[in-house]
Structures are given as structure tokens and as C-alpha cells.
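A short worksheet on the structure shown next.
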Amino acid sequence: MLAEMADFVGMTSALSDALAPTVHRRRRHDPGRVLLDVALTLADGGDCLSDLCVLRDQPSLFGAVASTPTASRVIDTVDAARLGAIRAARAQARARAWAAGLSPVTVHGPLILDFDATLVDAHTERRGAGPTYKGGYGFHPLCCFCDATKEALAVLLRPGNAAAHDVDDHIEVLELALAQLPVAPLGLDPDNGVAMLVRADTAGATHKFVDALVKRGIEFSIGFEMRKDVRLAILALPASAWKEAITAECEIREGADVAELTNLDLSRWPEGTRAIVRREEPHPGAQFTLFDPGGWRHQVFITNSTDPDITYLEARHRGHARVEDRIRCAKDTGLRNLPFPDFANNACWVELICLAQDLIAFTQGLVLKGDMAKAEPKRLRYALLHTAGRLSTTSRTTTLRLQREWPWARALSDAFATLRSLPLTT
């Protein structure tokens, strides 16, 4: 199903065009198709190049699949220029998927982009790997995901000792993410642009990054460091300033309150920047810090949103926690292991992980319904992608026969029917 989705959104042909300059003589395997097969392997749960055998051993489903050495040689040809071409191919496929109905722009509220970094351990020597702040050794990629569709817009591979708050890296990932979107932010396209919001933790609270967002007309909702002046401002709040927090379903959230820090000096930040604080009862087993007045835990974020309802803004910012789910799914789709000794090859591998996550997001957003539209990769593989079936050929027509007693047989059949009825777009 994912391979057919790749054909529908034009990913297969776009990758072939992207890798065409690397072909200097006739080859049995198209390099673009080889990379797509690697991405399909990652979506299927593979975590190393030799896992291509899962596709290669099923020629009746996937056709001729390249050998592991051939796939390795193709990845070796991906330099910075080819990596940019692969990203352009992903953007082209995304535009087609959004045109087919995946676009979240019509949903109420801004288009939300979530930023966060994660650690990837390297258990053997890897070029570009380094010591991490947690005492490990490996890489520290910075990611950006589209919250509404779960698409992996950009993942920048970085050494393990890369700073979490590196401004240039944040701006680079922002540019890569915006280049993936079929729409532009209001600041770059006042006539046809859409409202966008960037959410990040305290690593994103740098003046240069926030200024870059404002320059592009993008709202921000970013965690703020608990500095001395912030703590004093919280202590100075009157009891009447606190309001009951709400959940994502707009219901009262027990044991949590929200207030705006109007007495905090934010003059160095862009005009209209506000600071909002949440206090809540610590979860069971939590250890107190020196600053826990009244037994409350406090978290602060800054935003330039003009909405007067601070409880809504706080609940919206708390949705940034979903980026952890996206990263967990990425690690279940190849990010847990970067298999190559060369940094450039691993950067290509990371791009193919994004491609694999895109194909899953396209499939869930366009053709799946109910629980399967929200399932994480492990469950999706068990219920649909790894379903047992039998291929039969009669009168030159190949039919896939599924077991009637399989609980998700109907969902899988309906998904293929929906995929083949999607409107073709250019």
C-alpha cells in the first residue's frame, strides 16, 4: 500500500528525476527506485540496509529490488546537491498529497510546526558522532514536524555535541521545513500565505530564532528559561491573576492554573511578546527543586499570539508534547540506528526516514479511517502492512485474497479502494 501511495503522489518518478544526474551508463536498477525501496523498508520497520531482503524476497509484490551492495553504492552517490534534489522530490510529492485532500490549512487555527531535538546513540565509530550532554556518544539531530498531519518536514543530522539551542541550526531547519510546505507563511506571501505557529521548548528561546520567525510572519510559542527575574515575577503575582487551566478538549484541568506575567520585562523581545506561566501539582514521585513555592511546579513560555484567552494559549502550547510521539515513531522507522560510518551517508539515511514517515502520514491521512488513521507504525504494521494474503492470477488479472477472519481485512480492502479512487492532481 505504501508503494502504491508513493506512485500516486509522484514520489517514485520524482526520486528517479532527482537521481538521474548520477546515472552515467545503463543500469538494471533505477537509483531513485532504489532509494524508494530503502524508504519502504524503513516504513516496514527495517533499521539497516540489509533489511532490503524483506522486499527483495517478494518479487511478485515489489518487482526487482536491488542488492544490498547496489543500494549502498547508490547512497554513496548522494552528495549535498543530490540531497537537496531528494528534498525537492519530497516537497513535490507533498504538494500532490495535500492537493488530494491531506492539506490541514482549512482546519481552524494556524498551521503548527513543532521543533525538538533528540539523541541517537552510536555504538561503533561514526564520522560526525560526538559525546552527548547525557554522557553518551552519537548524534543530536534537530527535527521539525507538521502537527496536524504528523509529516516529518525536516531532520537535520548533527554531531552529538551540537548545542540544543544552536540558533543557526534552528533557522536552517526552519528554512528546510518551509521549503517542504506547499504554502508559505503570511510574512513571505501576504496575499496567499497562511497563518503559521512554531512551537519549541526552551532551546528555541533565542533572540535570533524568534526574530527570524517574526520576520517571516510566523507566530511563536516557545518555552522560557526559569531565570531569577521570571521567578520573582511569578512570586509577585496576586492570587486573582490565576485562572483554571483547561485540557485540549476545553474542559477544566484539575490541579493546574495559568497566569500571564505582565510584570516581566520583555522589552528585548519582539513587540507583542507575552509570557504565560502554568502552575500544577507535581506528579507522583517528582522531586522538588529550590523554587517550588507552595508545592507547585511552574513552567513558562513566551508567545506573540494576540488571543486574550491565556488558558487556550497554554493548552495549545502544551500540545507541543506530541512532538515526542513523532520522534518516537521516527526512531521506530529507522532513526534509532544510523548504519553507515560516513556522515554524508547517514544524512541521506535520515532523509529517507523522513520520506518513510511521509508515506505513512500520506496513507493515514488520505485512505485510512478510525483507529488506523491514528495508529503508530508498530500497530499499523501488525494490523495492515504485514497482513497475510494470497496472490492468484486468472485471465491475466492478479487478485490479492485476504483472510476473512483477519480483524482488519475490511479496513485494508477499503484503504486500497480509497487509494485507487483518489483524484489525480498535477
Side-chain angles (χ1 to χ4, degrees), residues 108-110 112-116 147 164-165 167 170 195-214 218-324:
H108 175 70
I112 299 177
L113 309 182
D114 282 315
F115 281 67
D116 200 10
D147 180 57
H165 58 276
V167 176
H170 275 77
M196 293 187 186
L197 169 73
V198 162
R199 296 188 300 205
D201 56 18
T202 55
T206 57
H207 293 282
K208 189 175 179 181
F209 179 56
V210 171
D211 289 343
L213 295 175
V214 173
I218 301 175
E219 293 184 18
F220 59 86
S221 182
I222 299 176
F224 203 57
E225 184 181 359
M226 194 67 69
R227 306 176 313 203
K228 179 180 178 180
D229 58 336
V230 177
R231 295 174 178 176
L232 292 175
I234 294 174
L235 291 174
L237 285 173
S240 59
W242 294 98
K243 299 181 180 179
E244 289 184 303
I246 61 173
T247 65
E249 293 75 27
C250 296
E251 299 176 352
I252 297 298
R253 184 169 179 240
E254 299 293 338
D257 300 300
V258 183
E260 184 168 356
L261 296 175
T262 56
N263 53 347
L264 182 64
D265 182 14
L266 297 172
S267 58
R268 295 181 57 199
W269 295 92
E271 184 179 355
T273 299
R274 309 158 65 187
I276 298 173
V277 57
R278 177 180 78 249
R279 69 178 186 184
E280 59 185 348
E281 298 174 353
H283 62 271
Q287 295 182 354
F288 286 94
T289 65
L290 292 176
F291 180 72
D292 280 322
W296 297 95
R297 284 293 174 84
H298 296 81
Q299 287 186 314
V300 179
F301 68 95
I302 56 174
T303 182
N304 62 344
S305 298
T306 58
D307 195 308
D309 188 353
I310 62 173
T311 60
Y312 160 73
L313 294 179
E314 189 277 329
R316 185 183 69 176
H317 179 75
R318 202 165 60 247
H320 175 63
R322 286 191 292 270
V323 73
E324 300 292 345

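Keep in mind that the numbers below use all heavy atoms, side chains included, and drop hydrogens, waters and symmetry copies.
Here the side chain of Thr247 pairs a donor or acceptor atom with the backbone of Glu249 at under 3.5 angstrom. The main-chain N or O of Leu237 is never found under 3.5 Å from a side-chain atom of Asn263 such that the two would form a donor-acceptor pair. In terms of modelled atom types and a separation under 3.5 Å, the side chain of Thr303 and the main chain of Phe220 share a donor-acceptor contact.
The shortest side-chain heavy-atom distance between Pro110 and Arg316 falls under the 4.5 Å cut-off. In this structure, Asn304 and Leu213 have side chains that are not in contact, with every pair of non-hydrogen atoms separated by 4.5 Å or more. Ser221 has its side chain out of reach of Leu313: every pair of non-hydrogen atoms, C-beta onward, lies at least 4.5 Å apart. Considering only heavy atoms from C-beta on, Ile310 comes within 4.5 Å of Arg274 through its side chain.
Between Trp269 and Phe224, a ring centre-to-centre spacing shorter than 6.0 Å is recorded.
Note that the CH2 atom of Trp242 and the CD atom of Glu260 stand 12.0 Å from one another [nearest 0.5 Å]. Note: Ile276 CD1 to Lys243 NZ = 10.0 Å, rounded to the nearest 0.5 Å.
Salt-bridge annotation for Arg199 and Asp147: present, with a side-chain N of the basic residue lying under 4.0 Å from a carboxylate O of the acidic one.
Residues Ser267 and Asp265 bring a donor and an acceptor atom of their side chains to less than 3.5 Å of each other.
Each of His298, Glu314, Met226 was scored for a side chain to side chain contact (heavy atoms under 4.5 Å, CB included) with Val277, with one residue passing: His298.
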